[in-house]
Amino acid sequence: MTKVQQIATRAPASAVAPEADTAARASRMRSGTVTALRLDLRWQSDAVQHCDSLFLPQVDLARSTLPRPIMAAVMDKPAGHRATCRFEPGVLPANQHPAELLTLQPNQFNKHCLGRGSVEPRRGRFYPGDILVDVPSRRGSQGAPVRVTEVSAGGLRLDPSHPLAGKALEVTTTVVSVADAPPAGAGSARVADLLAVLPANGPGMQGRWRGRPTDFFADEPFLRLDDNDPAWSLRGLPRPAADQYAARLGHADPVYAVWARRAKPVWLRL
């Protein structure tokens, strides 16, 4: 099976704004130009197809790194061009085949690492790598998140792999605009390593671990650890009372009001 496949390309139609001048229409993506790119990363979890999008307004192509198939598909193409490439598992750093699970003792999970109360390991959840103690195989990658896969009285197991490990990835790259230099006052163009930037900070975390549901409901998950969180005052916002939550969300049920007063829904945190 081909590990990298170019699925489709589409020439620009209405992607270039009508008011763009002739010179802008003639510009093509090449080394030395400053390009605005949109990348859509598609991947499949158990029963859901996900799409994570990244927009890079100014990319210095001469000093940036793109996967070779993507570069070949969009180089020397005008604004509005779109190309889609499929990467089989093991091709990109993010979708390498899953690593071996880590088996740790309870004291190797630092529950007080975050400095905001005690953090318990729960199945399926992600934790910053810094929370682990005395794990030689994690040296040099402490910041990368790890996922707890099993918790017992005798210890726990974690998956150190990227959340997209072992998954086929489909990347659609759109050339939004091309210029010979950054716009006046916009600063220097960005140097992008798309192999690192595209799958970072979230993609893959939405899915379950090997089909098993994540334990989201232990430890009163909607409880604010610090009831005097300064985020409200720092942003100049009043702290709504629990009864206001219930009223605004249309809940007249007194049980809900008690729950809201006690738990303070997480989606209303700032």
Side-chain angles (χ1 to χ4, degrees), residues 1-17 27-99 126 141 143-145 147 159-179 182 189-210:
M1 178 184 294
T2 303
K3 291 185 176 293
V4 180
Q5 179 183 5
Q6 182 171 312
I7 298 176
T9 60
R10 192 179 78 177
S14 58
V16 178
S27 297
R28 290 179 175 269
M29 181 171 164
R30 62 188 186 279
S31 180
T33 60
V34 176
T35 306
L37 296 176
R38 170 176 169 165
L39 299 106
D40 298 304
L41 174 66
R42 292 180 173 84
W43 55 280
Q44 181 78 37
S45 64
D46 300 315
V48 179
Q49 186 179 55
H50 303 262
C51 179
D52 295 279
S53 298
L54 174 68
F55 177 68
L56 300 173
Q58 296 182 59
V59 179
D60 184 344
L61 291 177
R63 299 184 295 153
S64 299
T65 303
L66 287 83
R68 185 175 299 175
I70 294 179
M71 181 70 82
V74 298
M75 187 58 69
D76 199 34
K77 298 298 190 294
H81 181 81
R82 180 180 300 170
T84 300
C85 296
R86 179 181 175 86
F87 299 87
E88 295 300 326
V91 175
L92 298 178
N95 75 341
Q96 293 297 309
H97 297 288
F126 288 91
S141 59
R147 190 170 202 172
D159 188 349
S161 306
H162 191 284
L164 294 173
K167 298 184 181 296
L169 305 178
E170 188 177 295
V171 180
T172 298
T173 306
T174 304
V175 182
V176 178
S177 65
V178 182
R190 179 177 182 177
V191 179
D193 181 356
L194 299 186
L195 289 172
V197 172
L198 181 57
N201 299 321
M205 290 185 173
Q206 305 95 313
R208 293 180 171 184
W209 187 81
R210 300 183 183 178

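Counting heavy atoms from C-beta on, the side chains of Val175 and Thr35 come closer than 4.5 Å. Inter-residue side-chain proximity for Ser53 and Phe55 is flagged as unmet; no heavy-atom pair is nearer than 4.5 Å. Between Asp40 and Arg38 the shortest side-chain heavy-atom distance falls below 4.5 Å. Here the side chains of His50 and Ser45 are in contact, with some heavy-atom distance below 4.5 Å. A 4.5 Å side-chain heavy-atom check between Gln206 and Val48 finds every atom pair outside the cut-off. Looking only at side-chain heavy atoms (C-beta outward), Leu164 and Leu92 stay at 4.5 Å or farther from each other. Side-chain contact between Phe87 and Ile70 is present, with heavy atoms from C-beta onward closer than 4.5 Å.
For the residue pair Pro89 and Gly166, the shortest heavy atom distance occurs at CG-O, 3.5 Å. Shown here for Glu88 and Asn95, the closest heavy-atom pair between the two residues is O-ND2, 3.0 Å. Counting all heavy atoms, side chain and backbone alike, Gly207 lies closest to Trp43 at N-CH2, 3.9 Å. The two residues Ala99 and Pro160 have their closest heavy-atom pair at CB-CG, 4.2 Å. Across Pro203 and Pro163, no two heavy atoms sit closer than the pair O-CB, 3.9 Å. Residue Ala79 comes nearest to Val178 through the heavy atom pair N-CG2, 4.4 Å, listed as atom of the first residue, atom of the second, then distance.
Remark: side-chain polar atoms of His81 are paired, donor with acceptor, to backbone N or O of Ala73 under 3.5 angstrom. Judged purely by atom type and a 3.5 angstrom limit, Asp159 has no side-chain atom pairing as donor or acceptor with the backbone of Arg147. Under the 3.5 Å distance criterion, the side-chain polar atoms of Gln96 are matched with a main-chain donor or acceptor of Gly90.
A distance of 8.5 Å separates CG in Leu169 from CG in Leu198, rounded to the nearest 0.5 Å.
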>> With side chain to side chain contact (heavy atoms under 4.5 Å, CB included) as the criterion, how do Leu39 and Val197 come out once you've worked through the C-alpha distance, each side chain's angles and the decisive distance to 0.1 Å?
In response: CA-CA 11 Å; Leu39 299 106; Val197 172; over 6 Å; no
